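Owing to the predicted nature of the structure, the values given are computational and were not obtained by experimental measurement. Lettering of chains follows the sequences in order, A, B, ..., and the numbering in each one begins at 1.
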Number of protein chains: 2
Amino acid sequence: MYSIAMVRLKDPAVRSLLIERAAQMLRAREPISLRSLVDGTGVSTMAVYTYFDGIDGLWKAVRQEGFTRLSAVLDRLTPTTDPVRDLAALGSAYVANAEANPDLYRVMFDAAVDLEDLAAADATLHRLVEAVERAKTDGRFADDTEPLDLATQSWVIGHGLASLTVAGPLPREALGYAVPMLTALFISAGDEPARCRRSVARGWG
Amino acid sequence: MYSIAMVRLKDPAVRSLLIERAAQMLRAREPISLRSLVDGTGVSTMAVYTYFDGIDGLWKAVRQEGFTRLSAVLDRLTPTTDPVRDLAALGSAYVANAEANPDLYRVMFDAAVDLEDLAAADATLHRLVEAVERAKTDGRFADDTEPLDLATQSWVIGHGLASLTVAGPLPREALGYAVPMLTALFISAGDEPARCRRSVARGWG
DNA sequence: AGCAAACCATAACAGCGTTATGTATAGTAT
DNA sequence: ATACTATACATAACGCTGTTATGGTTTGCT
């Protein structure tokens, strides 16, 4: 006999509902357990097994949701005529997203990595690679600049800062180090110093 | 009635024994629980409460042990006449230590930060600050270089790389990015490019 | 209409961190 | 030496966790 308040939904709706609720509880800093997750939703603990194959699968789904949202945030940025500025803007949006959702950011990176996580992270990185390629086309970076290398190094800076501030010992203001660090990196890749400083400052602000 | 195989040790010995065993299990990638930790040691689960006030306190102690070991590794480096080379050597030792003890490194940074953790992390950072100061005295960096700022930025690079490789999506080879990244950073602080490249390469190797 | 598969509520299980209780030990004052 | 007190900790129980088993309900296909 099902309970009166029973909810009967199609597959994807239940999936989304549980992921959404997990993200919510993460933001509210409520401890997440199988039972606390489904309490008040009308779905039973078994739903988590039907849709995610256990709590680990749920975390994996949340991780991917985090990357999806990050991608959405980065997609909202429209390229300008200054690709170096765009690179800085991507970095700015990246750390701002981490700062806005610190617990989600932690979940995204605190687990052993599997193939699906790799693909999600790769999609994020790809945006940086594209921006570097545009900058190279515009002659801002040296010809021997490897776009994937420079993009990865930009990511390392963004993640290092995000990780040490939102979930670590550095104070929030340390996020500002992104400006001199990205500037130093882009200048080393061949960009003209004064112009680079302007571009990064604009993209960051 | 105590069991026959009962062990009776002084306070610090039990503390060290449990921390050491936790570090061991971490390295062996065995799941650590209160019961699995004390199994075979002759001490009861209550000892963890006597000495650490629960499992969270145990993790905190492990975290501090991690920072202590890291400090010991960095202390083993003797300064040369080239402080920029020394900075690179510190970075190299930092990521090598993370690579050698990936699980311990994760524990060190995966928890909410409290004051004692802060102090331990600060001691690590201090070594970098000193090296930057020596480089400034030698005229390698611009006069307006703030040692704490540059040291922190070096740390961000080291942690970003360590975090994304030992517990994240980047392959081990990505650790090599430290060389161009540190070089770019030090050049931006005023070091002469060719000399800087040599110093970093020597410090890293 | 009948059948097979999916769905999932309920309940039981082992393991977790923690708390409670009482006994043995260590140290100190008498 | 004796009595007292605080510490150390073995044992057991408690409420929680994720997981598995079971069986009834619902759905969709034939």
Side-chain angles (χ1 to χ4, degrees), chain A residues 1-26 28-64 103 106-107 110-112 114, chain B residues 1-26 28-64 103 106-107 110-112 114:
Chain A
M1 190 72 77
Y2 287 133
S3 66
I4 296 175
M6 203 206 116
V7 179
R8 182 152 278 280
L9 295 164
K10 296 189 175 67
D11 304 9
V14 172
R15 260 191 78 94
S16 308
L17 182 137
L18 289 175
I19 294 176
E20 181 59 39
R21 180 159 161 78
Q24 245 177 276
M25 294 177 73
L26 224 42
R29 288 187 156 66
E30 299 168 20
I32 297 182
S33 77
L34 202 60
R35 288 170 177 79
S36 69
L37 179 72
V38 300
D39 263 12
T41 62
V43 309
S44 82
T45 58
M46 284 310 297
V48 175
Y49 284 82
T50 303
Y51 296 110
F52 304 101
D53 200 42
I55 199 77
D56 285 350
L58 187 271
W59 286 119
K60 192 163 119 184
V62 169
R63 223 148 48 225
Q64 296 212 62
D103 299 276
R106 205 178 333 205
V107 169
D110 80 345
D114 61 31
Chain B
M1 188 72 77
Y2 286 133
S3 66
I4 296 175
M6 205 206 111
V7 179
R8 183 152 276 278
L9 295 165
K10 296 187 174 70
D11 304 9
V14 172
R15 258 192 78 94
S16 307
L17 182 135
L18 289 176
I19 293 176
E20 182 56 41
R21 179 157 161 80
Q24 242 177 277
M25 294 176 73
L26 225 40
R29 290 190 154 65
E30 299 168 20
I32 296 181
S33 77
L34 202 59
R35 291 168 175 81
S36 70
L37 179 72
V38 300
D39 264 13
T41 62
V43 309
S44 84
T45 58
M46 285 308 297
V48 175
Y49 284 82
T50 302
Y51 298 109
F52 303 101
D53 200 44
I55 198 79
D56 285 351
L58 186 272
W59 284 121
K60 191 163 119 184
V62 170
R63 224 150 45 226
Q64 296 211 65
D103 299 276
R106 202 172 344 198
V107 170
D110 80 346
D114 61 33

* N or O in side chain of A:Ser44 less than 4.0 angstrom from C:dC8 OP1/OP2 -> no

* Asked: Which value, rounded to the nearest 0.5 Å, describes the distance between A:Ile19 atom CD1 and A:Gln24 atom CD?
  -> 13.0 Å

* To do: Rounded off to whole Å, could you give me the CG-to-C1' distance for the B:Leu58 and C:dC16 pair?
  => 14 Å

Between the protein and nucleotides 18-22 of chain D, which nitrogen or oxygen pairs come in under 3.5 angstrom?
unit_1	atom_1	unit_2	atom_2	d
D:dG18	OP1	A:Leu34	N	3.1
D:dG18	OP2	A:Leu34	N	2.6
D:dG18	N7	A:Arg35	NH1	2.8
D:dG18	O6	A:Arg35	NH2	3.0
D:dT19	OP2	A:Tyr49	OH	2.7
D:dT19	OP2	A:Ile55	N	2.9
D:dT19	O5'	A:Tyr49	OH	2.7

* Closest approach of A:Arg63 and A:Val107, non-hydrogen atoms and distance? -> CD-O, 3.1 Å

* Asked: Looking at A:Pro31 and A:Met25, what are the two nearest heavy atoms and their distance?
  -> O-CE, 3.8 Å

* Send over the distance from A:Asp39 CG to C:dT10 C1', rounded to a whole Å. => 15 Å

* Quick one: bend of the helix from C:dA1-D:dT30 to C:dT30-D:dA1 from 5 pairs per end, to 10°? -> 10°

* **Where B:Val48 and B:Ile55 come nearest, the two heavy atoms and their spacing** => CG1-N, 4.3 Å

* Structure fact -> Here the distance between atom P of C:dC8 and atom CG of A:Leu37, to the nearest Å, is 14 Å

* Structure fact -> Heavy atoms of B:Phe52 and B:Ala61 approach each other most closely as CE2-CB, 3.6 Å

* **Distance-minimising heavy-atom pair for A:Ala22 and A:Ile32** => O-CD1, 3.4 Å

* To do: Keeping to residues at least two apart or across chains, list the salt bridge (charged side-chain N to carboxylate O under 4.0 Å, His left out) pairs with something in residues 49-60 of chain A.
  => A:Lys60-A:Asp114, A:Lys60-A:Glu116

* Asked: Are any side-chain N or O atoms of B:Arg21 and backbone N or O atoms of B:Leu37, one a donor and one an acceptor, separated by less than 3.5 Å?
  -> yes

